[in-house]
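Source: prediction; values computed, not measured. First the proteins, then the strands, lettered A, B, ... as listed; each starts at 1.
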Amino acid sequence: MDLSFSKVELEFRKEIRSWLRENVPDEPLESFDTELGFHQHRGWEKTLYAGNWGMVTWPKEYGGRGCSLIEWLIFEEEYYRAKAPLRVNQNGLFLLGPTLMEFGSKEQKEKFLPKMALGEEIWAQGWSEPNAGSDMAAIQTKAIRKGDKYVVTGQKIWSTRAVWADWIFGMFRTDPKSERHHGLSFILVPLNSKGVTIRPIAQLNGLTGFAEVFFDEVEVPTHCLLGEEGDGWKVAMATAGFERGLMLRSPARFQETARRLVDLYKENKQQADNDPSILEAVLRAYLDAESYCLLTYQTASRLVNGGHIGPESSTNKVFWSELDQSMHSTAMSIIGARADLMSGIKGAGLTAEWLDGWLFAQSGPIYAGTNEVQRNIISERMLGMPR
Amino acid sequence: MDLSFSKVELEFRKEIRSWLRENVPDEPLESFDTELGFHQHRGWEKTLYAGNWGMVTWPKEYGGRGCSLIEWLIFEEEYYRAKAPLRVNQNGLFLLGPTLMEFGSKEQKEKFLPKMALGEEIWAQGWSEPNAGSDMAAIQTKAIRKGDKYVVTGQKIWSTRAVWADWIFGMFRTDPKSERHHGLSFILVPLNSKGVTIRPIAQLNGLTGFAEVFFDEVEVPTHCLLGEEGDGWKVAMATAGFERGLMLRSPARFQETARRLVDLYKENKQQADNDPSILEAVLRAYLDAESYCLLTYQTASRLVNGGHIGPESSTNKVFWSELDQSMHSTAMSIIGARADLMSGIKGAGLTAEWLDGWLFAQSGPIYAGTNEVQRNIISERMLGMPR
Amino acid sequence: MDFTFTEEQLLLRDSTRNFLTAEVTPSRLRERWKSHDVADNDLWEKMLDMGIISATIPEELGGSGLNSVDFVLLAEECGYVALLEPVVYTALVVVPLLCELEGDFPRELLSGLVRGDYRISVACPFTGLVEDADTSAFVLKFNSNKELVACSVTDAELSQIRSIDPGRRVFSLKECESGKVLMGNNRFEFLHEFLINSMAFANAAQSLGLTQRMLDLAVNYSKDRHQFKKPIGSFQAVKHLLANVAIKLEFAKPSVYRAAHSLHHGAPKRSLHISHAKIAACEAASLAAKNSLQAHGAMGYTWEYDLHIFSKRSLVLSATGGDLGFHKARLLDSLFSDDFQLGPTATFS
Amino acid sequence: MDFTFTEEQLLLRDSTRNFLTAEVTPSRLRERWKSHDVADNDLWEKMLDMGIISATIPEELGGSGLNSVDFVLLAEECGYVALLEPVVYTALVVVPLLCELEGDFPRELLSGLVRGDYRISVACPFTGLVEDADTSAFVLKFNSNKELVACSVTDAELSQIRSIDPGRRVFSLKECESGKVLMGNNRFEFLHEFLINSMAFANAAQSLGLTQRMLDLAVNYSKDRHQFKKPIGSFQAVKHLLANVAIKLEFAKPSVYRAAHSLHHGAPKRSLHISHAKIAACEAASLAAKNSLQAHGAMGYTWEYDLHIFSKRSLVLSATGGDLGFHKARLLDSLFSDDFQLGPTATFS
């Protein structure tokens, strides 16, 4: 055990910090759930790529730097510290990317990864269907093989980023006679294909962060199959592991929120101390964000040493989503009488930022597998309790 | 709505307060989970009865005063305020008593109620069996009718007070071919019957508050059947309603604990304020104990006006048990570094009292139907959610 | 001692419920968000005709003379439908405040309300902001001299503030000291507390209704929505989420009804009781918002689905009328004062 | 940066686990509660032979020279079996404290420990009480002069104090100022904090083990116990109770391991890290005690069943070594100091 950074790691930190200082836009971009914001964020991805920061953990030939997971955490820390824009291509970079790395052919990696790192191809996810939410094995959308093509028919829903994205990945039923988690395959579909219709869905903040995607006999070349036909469940479970585990929610994100919360408390101490629950909540935000960081470094170290992510990644999902909710609720309590006011009054800008985070935090226990599902996984697969 | 006490109610309060002032023993009795304490408490019940305070809500002919439920609450308030001994016959007075009142024949009422009020016959409950805990319908202990007797064979467990009690009530399977909640009957069994063996079970505090009761062809006269044969489930559900609902846990009990907690906080303010979670918890103890009192008065008023206790009594059980747990945990946090020390050091007496309450509070979410079962009842019967 | 409502009170609640659930539908609320009309005058007229708007105005001035115990159940129903028109504040804040005042002008204002000539709003004593100022003729507020004044809205400059709740219309208004003085500053302390208590109580009562509405939505959804070939409401995890809301609601209600009683009778502990009610009811609503959303999954996170109409309103009701910190601090002050009675026997003393 | 244990460290953990789970069974603990013998000398001898007792003593004095990172996993295992003999305090409190001191006597005491001549305990810096004083030859404590002294137990008058944990042997001892001065009061501040940190860390590490043990008991029980014709562990309500414990434990662990590292390296933030670890681990144990009991139902509430062996011990470990209030206050002091680094990049700086 050595909890100090190596010289190489320190150098890396210095490099990314100085690059970000020079390149992060002064003004925050519009939300990537707006058309303008989406294009701004795509532009930012290109800037990152130009600095060779697209996805530092990937091998050089795919647009990366071959960095270790520890360096990835350092990158993320500097990224959040610099308040750099959120990654519009997170579905691609953090979910599909690692899956491609594990299950993709050389051709697929070459075809998809560099354009992903570049932000030229932005990815939506296509997990859920109207009748397959928590119960993902109930997927019905078909992809029937005809020669060198799959013909996709059906419907996906809650596809984040799908409104303006270029590609979607997801599970499709390639064996029409199959049931549950058998006969599914992991397929990548260009969203500009003939027969694809996208209906944006407005979220609680009024923006269209997700969409319904309808497939009407959409033809997809068979080289868009990831892994073996019929192995979709296995491939998807690996992706879900990344989502809950290391990649999707960097500790830095929550540490930055905790830092802002401590500042908010300090600036409003007198008002905040009226409510005796707040100080405890602020302390807990700091400790829990710190714990999340520690566990992540521990997991990264384990992976670097040849270990694997197991069902304990579900503990992550529950932990960060509840931490995020609790931090934002605490902020709302501190803001108190003006907690709902978004603009038109002094201090409303700050409130609006917290409110936006608060709304988003409400979705944390739902997306990427509800926390109820995660707790089932923890008890069944980690603790071995009966189904 | 009139939230003031009537002249009659105020007079009643005055009378019980002055009687208690003169009669409550100066020194606390031993725990009724010891042999000595059990007999002391039986003596106290006789003293209460001599003052005509055995069970004030019962009709005069059964040893009561015909008081209203509101007067019952007043009685309980004064009782806890005076720190009078806990009622060793609570299984009889608060659970079986109301059940007898609803389902008992005139003869049964005359036979059982006065002796219950007098403390001459102290009751144990016999709900659970080794394989029938949360799943009460799995009861297997048989009571087979032979002529004018039931022959009881089987085993009950977690029977509170059974170590030294005189009678036990419970559900028995009178139809040996029946399943689940059919074919059960509610029967009263003298514990000095031939064939009854009692094995005391030590609790977390080392005392034997409950027991296993073995029945080996125990003969019980048929007049000990309460309600119709085969109607045991219906009768028992009514009893369970009393248990969760109005009678078993008076608000006064928790208000007294909340008062002690506020005092404990005030006396140890400096130490307590080190932990920022404590002040909030103390405030919440006060508010929740108050809320519990308010809801109880509301329910009592509803019943006085001809209403009934419904599945919402399950909300009571969850609420008071979690309140009790939380108040005692908070006390443990305030006591801090000496929280485990029961005697031999300054202040240990106080700690021992809180510790004893803390241990007992741990059982709150378990007995009288686990809180998991209660939450099922709330969601299914009160909210109408599917089974 | 009788902690029940009368048959009459319950009947009035039922008829109000029938009216409101028929009229104030989510789609009507959504229309209002989009419309350029600043008020739903049709609805206001109907509620005026029903006597709800003037319910708490004394009978001699043409109202029904209802007190806060009579009205609390109606306020709950207004919360249940997330009524946007300021009916509850009119009946529970504006009218009681005007009734506290002597002189002709307050009586005139009350009569105007009965006639439906105009609406009157109040400035929040914490932020100075005014809800529905644009549809009001007068705003009641404390001026910098601590006098209570009635400002004519036509004289004031309004600027709208955006709330996360699309149904909330709230404004800051430029100092209008020129308003008519209703009461000198010798009664400032009393009236200031009176105003806070009225608003807090009104918010608490509506929060009960909001909680029930969010719970109903989630329960119904959990029966319809199937996953793993079963309604999701048959899973313990979902059941217990909603059972917890039911428990919170069940125990919040009597604290609000007690507050209604204390307010009506001017009980010495009324401020305490109202703070208790505000905390209990707003926390119930906030748990309902959280757990109902969780029971809905992604569906509850959409703009199209109605849940957020109620959850956003519950956020507003918690923030206004004194936030939780204000009410907790007020309770703690009492709890630790030397003469505070605690323990059994102290609840109704 | 490498946040993993070495193969060697893990192997030592495994062999210690095998030894302890075989030797320190609940029935052996129960024997000890009842026995008049004040110590399990047989067990102590075995652990001395294995080198666990002298593990942290420098090699030149005959120990194994393990540091706190090496030993933390062993302390966890001692917690897992609720070991009553004061092995963890010896290795993590007494030995490091003596190693901080100069002069012959501390070295002599360390050598005595290696030889198994006697045991040494420390007085709690918060209460002055001494665990296992009756089986010790010396007690390390601060006298009223703030000097660190080693008192001979034979000179002191012991009086036993009853703990809710029947396995805890704790004593007050009459002022024995006559003890040999080990260190003058010029280092009082440092040594006082050192002592608190050592105890808190030792308790945190053992609490992880206790948590795991209570979780294991509950998981196993939930597989065996059937109700409604199913193992109770198949009900979501029971599953989620225990999943919550697993989550707490999973996130408490790295905070304890980081504390071990900071302690070993004398990191400037070690006190903070230890407070964090103490809170996280003791809260995990306290949740485990509560939820495991709930999963067991009445069975867990009996004296005969083993759960309370571990839950009572976890209460003791939370109360001693600085209670939660002490550690929270210490953290808050830092958190709000002007130069405190927060946010991403501050964790390992």
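Heavy atoms closer than 4.5 Å to chain A are found in both the backbone and the side chain of C/L293. Contact annotation for C/V170: only side-chain heavy atoms (C-beta onward) come within less than 4.5 Å of a heavy atom of chain A. If you measure heavy-atom distances from C/R330 to chain A, you find no contacts under 4.5 Å at all. Looking at A/A132, the atoms closer than 4.5 Å to chain C (heavy atoms on both sides) all sit in the backbone: N, CA, C or O. Using a 4.5 Å cut-off between heavy atoms, C/L129 contacts chain A through its side chain alone, with no backbone atom that close. Only the side chain of C/L332 comes within contact range of chain A, with heavy atoms under 4.5 Å apart. Interface residue A/L359: backbone and side-chain heavy atoms are both found under 4.5 Å from chain C. Heavy atoms of A/R180 lying under 4.5 Å from chain C belong exclusively to its side chain. Residue contact with chain A, scored on non-hydrogen atoms closer than 4.5 Å, is absent for C/S172. With a 4.5 angstrom heavy-atom cutoff, A/A339 touches chain C via backbone and side-chain atoms both.
Contacts with chain A were tallied for C/M299, C/H308, C/Q160; C/M299 has the most, counting heavy-atom pairs under 4.5 Å. Most heavy-atom pairs under 4.5 Å with chain C: of the set A/A352, A/G133, A/A272, this distinction falls to A/G133. Of the listed residues (A/S277, A/A138, A/P276), the greatest number of heavy-atom pairs within a distance under 4.5 Å of chain C belongs to A/P276. Your options are A/L207, A/I345, A/N205, A/I335, and the one with the most heavy-atom pairs under 4.5 Å with chain C is A/I345. Across A/P365, A/S343, A/G344, the residue that shares the most heavy-atom pairs under 4.5 angstrom with chain C is A/S343. The residue among C/A298, C/A329, C/A237 with the most heavy atom pairs within less than 4.5 Å of chain A is C/A298.
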Would you check, one step at a time, whether the test side chain to side chain contact (heavy atoms under 4.5 Å, CB included) holds for A/L355 with C/L315? CA-CA 11 Å; A/L355 262 173; C/L315 178 70; 4.0 Å; yes

Evaluate the salt bridge (Lys or Arg N to Asp or Glu O under 4.0 Å) criterion for residues A/R199 and C/E304: first the C-alpha distance (whole Å), next the side-chain angles of each, then the deciding distance (0.1 Å), finally the verdict. CA-CA 13 Å; A/R199 189 183 78 85; C/E304 294 163 68; 3.6 Å; yes

Could you walk me through whether C/S311 and A/Q362 satisfy the side chain to side chain contact (heavy atoms under 4.5 Å, CB included) test, starting with their C-alpha distance in whole Å, then the side-chain angles of each, then the deciding distance to 0.1 Å, before giving a yes or no? CA-CA 11 Å; C/S311 60; A/Q362 304 310 308; over 6 Å; no

Does the pair A/T370 and C/Q294 meet the rule for a side chain to side chain contact (heavy atoms under 4.5 Å, CB included), with working shown? CA-CA 8 Å; A/T370 67; C/Q294 189 67 20; 4.1 Å; yes

C/T302 and A/W158: CA distance, side-chain angles, deciding distance, side chain to side chain contact (heavy atoms under 4.5 Å, CB included) verdict: CA-CA 10 Å; C/T302 64; A/W158 319 127; 3.3 Å; yes

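Within the 4.5 Å cutoff, the side chain of C/L241 has heavy atoms near those of the A/E372 side chain. Here the side chains of A/F210 and C/Y301 are in contact, with some heavy-atom distance below 4.5 Å. Taking the side chain as every heavy atom from C-beta outward, A/N274 and C/K328 never approach each other to under 4.5 Å. Taking the side chain as every heavy atom from C-beta outward, A/N376 and C/F235 never approach each other to under 4.5 Å. A heavy-atom distance below 4.5 Å is not found between the side chains of C/D323 and A/R338.
One distance of note links CG of A/L204 with CG of C/L307; it measures 8.0 Å at 0.5 Å rounding. Taken to the nearest 0.5 Å, the CG atom of A/D356 stands 8.0 Å off from the CD1 atom of C/I164.
Salt-bridge check for A/E322 with C/K290: failed, with every basic side-chain N at 4.0 Å or more from each acidic carboxylate O.
Annotation for A/D340 and C/S163: closest pair OD2-OG, 2.6 Å, computed over non-hydrogen atoms.
Residues meeting the side chain to side chain donor-acceptor pair (under 3.5 Å) test with C/E157, sequence neighbours left out: C/K174.
Within the 3.5 Å criterion, the main-chain N or O of A/N131 finds a donor-acceptor partner in the side chain of C/Q227.
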